[in-house]
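Remember, it's 1-based here, ligands and their atoms both numbered in the order they're listed. Numbers here simply count residues along the sequence, with the first being 1.
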Amino acid sequence: MTNIPHNLAQLKQQIHDLEIRYHRPPGSVFLLAVSKKQSVEKIISAYEAGQHAFGENYLQEALTKMSELNNLTIEWHFIGAIQKNKTRKIAEHFSWVHTVSDLETAERLNNQRPENLPPLNICLQVNISQDKNKAGNRIENILPLALTCKNLPRLSLRGLMTIPTQKNIFAEQCAEFHKMSELFQNLLANNVKIDTLSMGMSDDLDAAIAEGSTMIRIGTKIFGNRF
Ligand SMILES: *Cc1c(COP(=O)(O)O)cnc(C)c1O
């Protein structure tokens with residue numbers, strides 16, 4: 001059996017140690033628990049241990065979990081590939097979407113965000129490794145996209161997100177994340193007020209925190225293997 005409270009406590013300690021080591025302010029790295037292909041029992045176990053933000057990749061799976069867990073106050077983040085015909089449900093049910101990579105998707109989410117909810121928090125997904133198999137927009141398209149998204153009233157542009165090509169060497173992981181940090185600074189310099197750099201997963205969170213991540217998305221390290 002996976003001991004989720006234990007894993008979470010260990011991970012929190014690790015995040016704290018990394019913040020100190022890399023001269024990041026304590027508490028500056030937010031933990032998003034990625035619960036895709038994990039049971040509702042495991043989500044409840046994490047919730048009871050104090051974890052209230054969860055990320056899901058598959059809309060139908062997420063909606064089923066939301067209705068089973070509707071007595072809990074969970075902040076849900078959508079972190080999966082967005083199919084155009086699913087934007088309405090995403091806009092209706094999530095607080096955050098990390099995987100916006102084109103204007104059409106942003107406009108659909110903006111138009112479909114219900115009036116009674118606060119603006120939808122979004123991150124623009126960057127294909128930082130210029131990898132044909134990865135989602136996200138190219139680096140040079142991000143600033144113009146951000147400048148447009150910032151004017152969409154039902155969205156709150158919060159920052160950037162990436163999933164780099166998997167690398168096993170720390171310095172190579174850092175190099176990819178460093179490019180994200182530079183892009184983040186470049187947006188700030190162009191008066192795009194963002195506060196979120198969503199990067200780092202179970203296997204590369206050290207490098208992500210070293211390079212300025214403000215939100216790591218962790219699944220396996222908390223919940224064990226997925227079904
Ligand atoms: C699955 C997933 C994660 C978590 O991955 P782990 O390696 O299990 O920590 C993070 N981000 C995204 C976008 C994912 O799809």
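Both the sub-6.0 Å distance and the 45° axial angle are satisfied by K37 relative to the ring of Y58.
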Show your working on side-chain hydrogen bond (donor to acceptor under 3.5 Å, both in side chains) between N110 and R154 and close with a plain yes or no. CA-CA 5 Å; N110 178 66; R154 302 298 298 139; 6.0 Å; no
Show, in sequence, the C-alpha distance, side-chain angles and deciding distance for Q125 and T162, and conclude whether the side-chain hydrogen bond (donor to acceptor under 3.5 Å, both in side chains) test is met. CA-CA 6 Å; Q125 184 171 0; T162 197; over 6 Å; no
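Listed by chain and number, V34, K36, N57, I79, M161, I163, M201, S202, R217, I218, G219, T220, R226 each place a non-hydrogen atom less than 4.0 angstrom from ligand 1.
Side-chain contact check for V29 versus L18: every heavy-atom pair is 4.5 Å or farther apart. Side-chain atoms of T105 and R108, non-hydrogen and from C-beta on, never get closer than 4.5 Å to each other.
Distance alone, capped at 3.5 Å, is enough to place a donor-acceptor pair between the T99 side chain and the G80 backbone.
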